Amino acid sequence: YMTEDVRPTVSSHTFTVAQATQMLGVIEEKNGTPINWRNLYEKAINHDVKEAITGDILSHVKNRNKQMKALVQQIENELTEDYIFSKLPSEYVDIYRKILNNDKDETIEGQILEAADKIDALIEAIIELQRNNPEEEFFKCFIENIRFLRDMDLYSVKYFLNNILFELIGDATELKKIAKQILTWRL
């Protein structure tokens, strides 16, 4: 996933999110939830195309407040217009605008994408914490993403938390204790 002292790229993040999206979709479908696979894959592979233009703006920065979030969205939209849509043949602009704006939403596919994005952030936090990275942001990310996932009402996410999360944490005993507390005590 990440090599020593190398931050993940937008493309490596997108790949990991696509893999997690697929895993969650398979689990949901196996347990009776119909999945629109085309919609799910379009969401997964295109969810951060705008970030490929702007660069990764960390979620704690872009979600600092409503004004910041709106400003980041405005910048992403303007740059996407300049660097993508303005260069496409006119007959494809609306098609690609729909594809690139098909993101997290209330559909099962949008919820799965949101969970997969959080899982990727959680994996990054686990890796950094296992490396003893002293930045407090990774510990906050670890806690916040487990809480977010815990509160999601998807079978696949519950499966991830109960069957996969602790394997990812590995031998990091303190992280396992904290994760168990968050999942058990609703901290």
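Keep in mind the model is a prediction, meaning the values are calculated, not measured.
- Under a 4.0 Å N-O distance rule, the pair Arg97/Glu81 qualifies as a salt bridge.
- In terms of heavy-atom proximity, Gln22 sits nearest to Trp37 at O-CH2, 4.0 Å.
- Follow the hydrophobic side-chain contacts under 4.5 Å out from Ile27 and you reach Ile123 in the same cluster.
- Between Asp105 and Lys43 there is a salt bridge, with a side-chain nitrogen of the basic residue lying less than 4.0 Å from a carboxylate oxygen of the acidic one.
- Residue-environment remark: CG (Asp171) stays at or below the threshold of 12 foreign heavy atoms within 6.0 Å.
- Annotation: Tyr159, atom OH; neighbour count of heavy atoms from other residues, nucleotides and ligands within 6.0 Å does not exceed 12.
- In summary, the side chains of Asn102 and His47 do not present any donor paired with an acceptor at a separation below 3.5 Å, with no hydrogens or angles considered.
- Salt-bridge formation is detected for the pair Arg131/Glu128: a Lys NZ or Arg NE/NH1/NH2 atom is positioned less than 4.0 Å from an Asp or Glu carboxylate oxygen.
- Because its NZ or CZ atom is both nearer than 6.0 Å to the ring centre of Phe148 and within 45° of the ring axis, Lys118 counts as a cation-pi partner of that residue.
- The closest side-chain donor-acceptor pair between Asn145 and Lys140, if any, does not fall under 3.5 angstrom.
- The CD atom of Glu42 sits 10.0 Å away from atom CG of Leu40, with the distance rounded to the nearest 0.5 Å.
- By the 6.0 Å contact criterion, NZ on Lys66 is open, its count of non-hydrogen atoms from other residues, nucleotides or ligands being 12 or less.
- Under a hydrophobic-cluster definition in which Ile, Leu, Val, Met, Phe, Trp and Tyr are linked whenever side-chain heavy atoms come within less than 4.5 Å, directly or via other members, Phe142 and Leu161 are assigned to the same cluster.
- Ile112 and Ile45 fall into different hydrophobic clusters, defined by Ile, Leu, Val, Met, Phe, Trp and Tyr side-chain heavy atoms under 4.5 Å apart, directly or through other members.
- Remark: of the listed residues Val10, Thr16, Val17, Val10 is the sole one forming a side-chain contact (heavy atoms from CB on, under 4.5 Å) with Thr14.
- In Glu106, the CD atom is not crowded: 12 or fewer heavy atoms of neighbouring residues, nucleotides or ligands sit closer than 6.0 Å.
- Within 6.0 Å of atom CG in Asp153, 12 or fewer heavy atoms from other residues, nucleotides or ligands are found, so the atom counts as exposed in its surroundings.
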### Query
Would Ile53 and Glu76 satisfy side-chain contact (heavy atoms from CB on, under 4.5 Å), going step by step from the backbone distance to the final call?
CA-CA 8 Å; Ile53 298 167; Glu76 287 178 343; over 6 Å; no
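- Heavy atoms from other residues, nucleotides or ligands lying under 6.0 Å from OH of Tyr41 number more than 12.
- Between the CE atom in Met152 and the CG atom in Leu24 there is a gap of 8.5 Å [rounded to 0.5 Å].
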### Task
Evaluate the criterion side-chain contact (heavy atoms from CB on, under 4.5 Å) for residue pair Leu100 and Phe85; output intermediate values, then yes/no.
CA-CA 10 Å; Leu100 296 184; Phe85 300 138; 3.9 Å; yes
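- Using a 4.5 Å cut-off between side-chain heavy atoms of Ile, Leu, Val, Met, Phe, Trp and Tyr, with links allowed through other members, Ile108 and Leu113 fall into different hydrophobic clusters.
- For Lys180, the NZ atom is loosely surrounded, since the number of other residues' heavy atoms within 6.0 Å does not exceed 12.
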